Amino acid sequence: MNTEPTVSRLFAHSRLDMIAVLAAAAHLAFDIYLIVGFASRPIWISAVLGCIYSVSISWNINGVSHNFIHTPYFNPRWMNYAFSLLESIAIGFSQTYYHWIHMRHHTGNSDRQNEHGDTIDWLSIYRHGKNGKPESVWGYTFLSFFRDNLGDVHKAIAKHRPFDAHWGQFELWLFIAFVAAAFVYDWHAALFFVPFYYFGNCLSSLNGYYEHLNANPDVPLAWGVSSYNQFYNWLWFGNGYHAEHHYRPRLHWTKYRQFHEQIKAEQKAAGVHTISTCHALGFLAKENQGMAAA
């Protein structure tokens, strides 16, 4: 795989990002198809597609959308804003707001609670835990969706990037308009897929939980948990290399495998936790069985 810096006027890092861009466009087209084709499908097929829709939300958030935060795909700035808009509709949340929340995640790196019982990282698995331990996977998975304070996120962005704060608002309103249009077109279909939308966000939280369970918040090399499952990393755009990503978050997703080979001896010495499954199936990973949370 060619991972050399691109000389393209269009792509900022690699022409391989075209795959991620096309995947995002396909995701949005799939979202639209779920609604417009609902009346002509048996309900059981829509239920199966709904499950795929749930997985696609987590797949996009943790793959396409996540990599776009750290290495924006395009050289022209307006194209990055346009792609951010597309992603906001596809995943059902402002990409700009997600950017801020995720960068705060990298500031804290799933840190433990301080003396005031708070964490820098709003996504930390320790934020709502007790006695210095991570929150249960059940609480983190099913409650995280309700915990984002969009007003606080907007104010934080507006302090330094007023335009981005307004753009984030625009992204949210456009998604709301998209949902409203879906209800007007076929309210039965729109209502049918609401639980699948919530479940997709739960899957994303589940993914995030096992990206950090048994990691070490005090050791930069071990901030994340990695999975080197080849199919997972191919489909999720390198998301399995999570310890490497937290250690070098600006590295392009195509370079993590090579980077891992360079530092794996240091990682072993630092006690980097790895699992054999994808992160969302971390509860099945033999490496987590019977292991007390760090």
Side-chain angles (χ1 to χ4, degrees), residues 1-6 11-17 19-20 23 58-73 98-99 101-112 120-121 123-126 134 204-282 284-288 291 293-294:
M1 179 179 290
N2 180 20
T3 60
E4 292 302 314
T6 181
F11 291 100
H13 300 278
S14 171
R15 291 186 177 87
L16 289 173
D17 284 332
I19 301 172
S58 178
W59 162 78
N60 194 332
I61 290 174
N62 293 287
V64 177
S65 179
H66 170 251
N67 289 334
F68 178 65
I69 287 173
H70 294 282
T71 52
Y73 297 147
Y98 172 42
H99 184 129
I101 294 170
H102 187 75
M103 294 311 292
R104 189 177 178 105
H105 168 61
H106 277 273
T107 301
N109 294 290
S110 202
D111 54 327
R112 298 185 180 93
I120 296 171
D121 176 9
L123 302 178
S124 174
I125 62 176
Y126 295 93
S204 181
S205 297
L206 178 66
N207 190 89
Y209 188 84
Y210 286 105
E211 285 175 343
H212 291 280
L213 184 70
N214 295 314
N216 190 338
D218 302 318
V219 179
L221 264 172
W223 274 336
V225 173
S226 284
S227 168
Y228 303 121
N229 183 287
Q230 292 185 7
F231 179 73
Y232 171 46
N233 280 294
W234 172 77
L235 190 60
W236 250 255
F237 297 94
N239 188 63
Y241 292 91
H242 208 69
E244 292 80 2
H245 170 66
H246 270 267
Y247 192 53
R248 289 291 184 271
R250 294 184 179 181
L251 194 64
H252 193 264
W253 62 273
T254 58
K255 297 182 179 180
Y256 279 122
R257 182 176 180 178
Q258 178 183 358
F259 183 59
H260 165 67
E261 293 299 321
Q262 294 172 356
I263 66 169
K264 63 182 180 181
E266 300 169 59
Q267 288 181 310
K268 184 177 181 179
V272 172
H273 184 58
T274 62
I275 58 176
S276 52
T277 67
C278 65
H279 287 111
L281 296 180
L284 296 177
K286 61 181 183 297
E287 297 83 2
N288 285 335
M291 183 176 183

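What you see is a predicted model, and the numbers here were worked out from it, not measured in a lab. Start at 1 with the first residue, then count along the sequence.
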Open item on the list: Quick one, Y210 and L206 - any side-chain contact, counting heavy atoms below 4.5 Å?
Closed with: yes

- [ ] Can you measure from NZ (K268) to OG1 (T274) and round to the nearest 0.5 angstrom?
- [x] 11.0 Å

Task: Heavy-atom side-chain proximity of Y247 to F259 below 4.5 angstrom - done: yes

Task: Flag for E287-S276: side-chain donor and acceptor within less than 3.5 Å - done: yes

TODO: Report yes if the side chains of H212 and H105 come closer than 4.5 Å at any heavy-atom pair, otherwise no.
DONE: yes

Task: N/O donor-acceptor pair under 3.5 Å between N67 side chain and F237 backbone - done: yes

Task: Sole residue of L284, N288, N229 in side-chain contact (heavy atoms from CB on, under 4.5 Å) with I275 - done: N288

Task: For H252, all residues meeting ring pair (Phe, Tyr, Trp, His ring centres under 6.0 Å), sequence neighbours excluded - done: H13

Task: Residue of the set H102, H99, R248 for which side-chain contact (heavy atoms from CB on, under 4.5 Å) holds with H70 - done: H102

Open item on the list: A side-chain contact here means heavy atoms from C-beta on lying under 4.5 Å apart; do Y98 and H66 qualify?
Closed with: yes

TODO: Could you name each residue pair satisfying salt bridge (charged side-chain N to carboxylate O under 4.0 Å, His left out) that touches residues 218-243, not counting sequence neighbours?
DONE: R112-D218

Open item on the list: Any donor-acceptor pair under 3.5 Å linking the side-chain atoms of H106 with those of H245?
Closed with: yes

- [ ] Examine distances only and state if a side-chain atom of D111 and a backbone atom of D121 form a donor-acceptor pair shorter than 3.5 Å.
- [x] yes

Open item on the list: Once salt bridge (charged side-chain N to carboxylate O under 4.0 Å, His left out) is applied, what residue pairs with a partner in residues 230-247 remain, sequence neighbours excluded?
Closed with: none

- [ ] Determine the sole option in W236, Y232, Y228 for which the ring pair (Phe, Tyr, Trp, His ring centres under 6.0 Å) test with Y241 is passed.
- [x] Y228

Task: Whether W59 side chain and L235 backbone form a donor-acceptor pair below 3.5 Å - done: yes

TODO: Using atom types as modelled and distance alone, determine if a side-chain donor or acceptor of S227 lies under 3.5 Å from a backbone N or O of T277.
DONE: yes

